[in-house]
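Right, one structure below, let's go through it.
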Amino acid sequence: MTAPEDRPAWASNLRSTLGALSIYDVPPADASAARMHANECPEPWPDAVMDALADVVRGVELGRYPDTSGRSLRALLAKQHGCSADRIVLGNGSDEIIALLLMALSSPGAAPGVVVTPAPTFVMYAHTARVLGMTMREVPLTPELALDESGLDAALTGATIAFFARPNNPTGGLWDADVIRRLIARHPAVVFVIDEAYVAYAPAESSMWDPDGPDNQVHMATLSKVGLAALRIGYGIAHPQLARAMNTVRHPYNVSQTSLALAEAVLGRFGDVQAAMVDRARDNRARLAEVLGAIAGAVVLPSAGNMVLVRLAGEDEAPRLRGHLAAAGVLVKDVSKLPRLERCLRVSVGTTAELDRLAGTLADWRG
């Protein structure tokens, strides 16, 4: 760490909000490990699809810039969602869409804006808000991990934007849509972002997307959770005026042509294969819950996402079990330090082979 006396003169110009923030940096996992910590779709693409996608890559002109805004992919997404393409903004994953929304809605000066989220939820909402110097109002979930409607109602007064991950990460819960709709109606000056990154794993008709929905409601989604995490493509669907503001702060060429071409090929030609992969992962979620439920004293919480939250009996059991599993090459997420998630591990759905490995490793765990 640099000593204060060695601090460069220019360092005084660094953004003051950064000092208290950590870097979101996860070491790459060994491909030989059972990677059940990152909420990816674990199912491999069939060889025939990979061969077809290799042909797509061969057709990409690497020396040429991509489309500045991904018009062809936006047109395909617009057709699927039944809306106009000018409402769709593409990003380098959902993370960039979050940043674009906050940059578009924050103001320079002493009061850049207020961001509201339930807690715990996806960490990048608060991280990005704090980078920009915005005020965070985090409203704890109820002990049952449901939304606190009255607490949110109070926090939303005078707020700028609110994020609701549905299903939520890291809990996997599918929050009551009627509660969110009531809050949207009561706070028309607040932009509500409904993050449906995991909705493909939820029961049918779970999505809150409505092309004719309120003008202060934004739909956010990503391809990262449905087999295309390597492409880093997220998108938001917003009122045209807000979409234009997001595009104003968005860097041109923010999504590579390789990612654009591969995403369009998958969505346009291999959607049925993708749906079957998600179905297999959803089936394996049920088995994952059974495997975790066999841990002595464990309570498995209901999940509508591609992860399962398990609450363990021992006070320090979560970090110890995470370490035990990691030693055997099974990676899971310890979330026991988060509010409301004491003694909890979050375990992403794995392949059948990974679930076998998890079950075998848990067989000798004594808590």
Side-chain angles (χ1 to χ4, degrees), residues 69 74 77-78 81 83-109 111-119 121-139 147-149 151-169 175-197 199 207-222 234-250 254:
S69 65
R74 288 194 296 116
L77 290 169
H81 287 280
C83 67
S84 61
D86 66 348
R87 295 182 59 187
I88 299 179
V89 180
L90 300 181
N92 193 324
S94 291
D95 295 343
E96 188 179 17
I97 298 300
I98 294 165
L100 295 177
L101 283 161
L102 293 180
M103 285 190 289
L105 290 164
S106 60
S107 300
V114 175
V115 180
V116 175
T117 68
T121 192
F122 183 42
V123 298
M124 289 306 293
Y125 308 143
H127 180 85
T128 309
R130 289 176 173 133
V131 165
L132 295 173
M134 301 178 78
T135 298
M136 278 301 306
R137 295 178 185 167
E138 295 175 285
V139 180
L147 295 175
D148 177 356
E149 184 172 359
L152 286 163
D153 200 25
L156 286 162
T157 300
T160 308
I161 183 171
F163 290 91
F164 290 85
R166 191 176 180 275
N168 185 42
N169 171 26
W175 292 325
D176 189 333
D178 288 337
V179 169
I180 299 174
R181 290 190 183 102
R182 287 195 294 268
L183 293 170
I184 292 172
R186 286 201 291 264
H187 299 274
V190 179
V191 171
F192 286 77
V193 183
I194 313 302
D195 183 353
E196 296 194 344
V199 79
S207 176
M208 288 184 63
W209 162 247
D210 179 0
D212 300 314
D215 61 16
N216 63 328
Q217 181 173 328
V218 174
H219 173 80
M220 191 166 72
T222 179
Y235 62 96
I237 308 179
H239 184 277
Q241 189 171 344
L242 178 53
R244 185 185 187 284
M246 294 168 67
N247 277 315
T248 301
V249 299
R250 179 183 58 82
N254 62 321

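Quick caveat, the model's predicted, so the values are computed rather than measured.
Applying the salt bridge (Lys or Arg N to Asp or Glu O under 4.0 Å) rule to pairs touching residues 152-165 yields Asp153-Arg186, sequence neighbours excluded. Note on residues 187-197: no pairs pass salt bridge (Lys or Arg N to Asp or Glu O under 4.0 Å), not counting sequence neighbours.
Residues satisfying the side-chain hydrogen bond (donor to acceptor under 3.5 Å, both in side chains) criterion with Ser94, sequence neighbours excluded, are absent altogether. In this structure Tyr125 satisfies the ring pair (Phe, Tyr, Trp, His ring centres under 6.0 Å) test together with Phe122, Phe163, sequence neighbours excluded. Residues satisfying the salt bridge (Lys or Arg N to Asp or Glu O under 4.0 Å) test with Asp212, not counting sequence neighbours, are none. For Asn247, the side-chain hydrogen bond (donor to acceptor under 3.5 Å, both in side chains) partners at least two apart in sequence or on another chain are Arg250. Every residue meeting the side chain to side chain contact (heavy atoms under 4.5 Å, CB included) condition with Pro211, not counting sequence neighbours, appears here in chain and number order: Trp209. With sequence neighbours excluded, the residues that form a side chain to side chain contact (heavy atoms under 4.5 Å, CB included) with Val123 are Tyr24. Partners of Ala177 under the side chain to side chain contact (heavy atoms under 4.5 Å, CB included) rule, at least two apart in sequence or in another chain, are Arg166, Arg181, Met208. Applying the side chain to side chain contact (heavy atoms under 4.5 Å, CB included) rule to Asp215 yields the partners His239; only residues at least two apart in sequence or on another chain are considered. Scanning for side-chain hydrogen bond (donor to acceptor under 3.5 Å, both in side chains) contacts around Thr117 gives an empty result, with sequence neighbours left out.
Across all non-hydrogen atoms, the minimal contact from His219 to Ser207 is CE1-OG, 4.4 Å. The minimum heavy-atom distance linking Val218 with Val191 is given by the pair CG2-CG1, 3.7 Å. Heavy-atom minimum distance, Ala159 versus Val190: O-CG2, 3.4 Å. Between Ala165 and Thr121, the shortest heavy-atom contact is CB-OG1, 3.8 Å. What you find for Cys83 and Ile237 is that their closest heavy atoms are SG-CG2, 3.9 Å. Heavy-atom minimum distance, Ala155 versus Arg137: O-NH1, 2.6 Å.
In this structure, the side chains of Met136 and Val115 come closer than 4.5 Å at one or more pairs of heavy atoms. The closest side-chain heavy-atom distance from Pro118 to Trp175 is below 4.5 Å. Within the 4.5 Å cutoff, side-chain heavy atoms of Phe192 are placed close to those of His187.
Once rounded to the nearest 0.5 Å, the distance linking CD of Glu96 with CE of Met103 reads 7.0 Å. Here Thr160 contributes atom OG1 and Leu101 contributes atom CG; the two are 12.0 Å apart, rounded to the nearest 0.5 Å. Rounding to the nearest 0.5 Å places CE of Met220 at 8.0 Å from CD1 of Ile97.
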Evaluate the criterion side chain to side chain contact (heavy atoms under 4.5 Å, CB included) for residue pair Leu242 and Leu105; output intermediate values, then yes/no. CA-CA 9 Å; Leu242 178 53; Leu105 290 164; 4.2 Å; yes
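Side-chain atoms of Arg87 come within 3.5 Å of backbone N or O of Ala238 as a donor-acceptor pair.
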Pairs under 3.5 angstrom only: tabulate donor-acceptor contacts from the side chains of residues 127-135 to other protein residues two or more places apart or in another chain.
from	atom 1	to	atom 2	distance (Å)
Thr128	OG1	Met124	O	2.8
Arg130	NH2	Glu138	OE1	3.0

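Between Leu147 and the choices Leu152, Asp176, Asn168, the side-chain contact (heavy atoms from CB on, under 4.5 Å) rule is met once, by Leu152.
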